[in-house]
Amino acid sequence: MVYLGCHLTSAKGYEHMAKDAISIGADTLQFFTRNPRGGAAKDIDAADVDRFLKLSAQHDFGRIVAHAPYTLNPCSKEAKTREFAHMVMTDDLQRMEYVPGNYYNFHPGSHVGQGTETGIRMIADMLNDIMKSEQTTTVLLETMAGKGSEIGGRFEELRAIIDRVNLKDKIGVCLDTCHVHDAGYDIVNNLDGVLSEFDRVIGLSRLKALHINDSKNPMGAHKDRHACIGEGFLGKEAFIKVITHPLLQGLPCILETPQESLQGYGEEIKMLREMI
Ligand code: FE
Ligand code: FE
Ligand code: ZN
């Protein structure tokens with residue numbers, strides 16, 4: 001089995017997120033560590049986190065995924081922008097220790113004309129600066145659609161970052177189905193082939209989580225526009241193959257589909273469970 005969940009608002013705290021997840025039949029979840037545009041994070045309420053940990057244990061949750069603000073760019077041309085990413089991610093990693101042993105996912109960044117190699121070096125340098133041997137969190141690089149100068153549209157780029165990271169046991173990958181499809185990997189007709197390519201280039205042991213999104217654009221479009229499951233170019237069958245794939249069992253699978261309500265996600269999760 002895989003764990004199924006969706007992106008939830010963290011505005012009302014951890015316990016509230018767990019209750020939202022439980023109410024829609026989810027057994028994992030994702031949330032932004034702060035305003036997705038990178039604003040200040042709310043103070044952590046230890047009692048609230050405690051109630052979250054109890055609830056998630058009672059309901060056999062899989063690991064959960066925190067998502068860094070998507071506006072951070074660790075490989076910006078501007079030192080100030082890189083420093084901002086450094087500061088936010090340092091703070092996020094400290095806060096993650098309240099919910100130990102989970103995942104912190106981020107978009108590697110856009111090299112904005114500096115070249116892929118420079119970008120990769122900047123991302124790895126930042127990670128080596130902010131990751132600590134005592135942290136219990138695994139940092140995840142998200143596979144990207146390869147829009148503009150985005151890094152992470154090729155598995156090779158993620159591998160190159162990982163190669164430069166010192167704390168190898170604390171770095172992994174989150175595979176976004178919409179992004180890899182948009183990047184040109186044919187998970188619709190050749191999921192096995194894409195997974196073996198992932199294994200050859202990165203190693204499947206690094207694959208820690210999935211974002212399960214359909215795509216509004218054809219394979220290779222480099223667009224990154226999510227669609228609801230079954231309403232895009234991937235189609236329902238592709239998701240049955242993904243969530244039942246023997247090599248993907250045990251992973252948290254997070255919906256980031258354009259649902260407008262919690263109930264919408266509930267229906268999507270129910271549909272996925274019925275498909276299994
Ligand atoms: Fe993302
Ligand atoms: Fe994603
Ligand atoms: Zn996306």
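Just follow the structure's listing: the first ligand is 1, and inside any ligand the first atom is 1.
Around the Zn ion (ligand 3), the protein contributes the following N, O or S atoms at distances under 2.8 Å: His179 NE2, Asp224 OD1, His226 NE2.
With a cut-off of 2.8 Å, the protein N/O/S atoms near the Fe ion (ligand 2) add up to 4.
Side-chain contact, Gln259 with Glu268: a donor N or O sits under 3.5 Å from an acceptor N or O. Between the side chains of Asp125 and Asn128, no donor N or O sits under 3.5 Å from an acceptor N or O. Side chains of Thr33 and Asp92: a donor on one and an acceptor on the other come within 3.5 Å. Judged purely by distance below 3.5 Å, without hydrogens or angles, the side chains of Asn105 and His67 pair a donor atom with an acceptor atom. Glu150 and His107 form no side-chain donor-acceptor contact under 3.5 Å, judged by distance and modelled atom types alone.
None of Val2, Leu210, Leu191, Leu251 except one satisfies the side chain to side chain contact (heavy atoms under 4.5 Å, CB included) rule with His245; the exception is Leu191.
One hydrophobic cluster holds both Leu158 and Met89 under the rule that ILVMFWY side chains link at heavy-atom gaps under 4.5 Å.
Within the 4.5 Å cutoff, the side chain of Leu167 has heavy atoms near those of the Ser133 side chain. In this structure, Leu141 and Arg159 have side chains that are not in contact, with every pair of non-hydrogen atoms separated by 4.5 Å or more.
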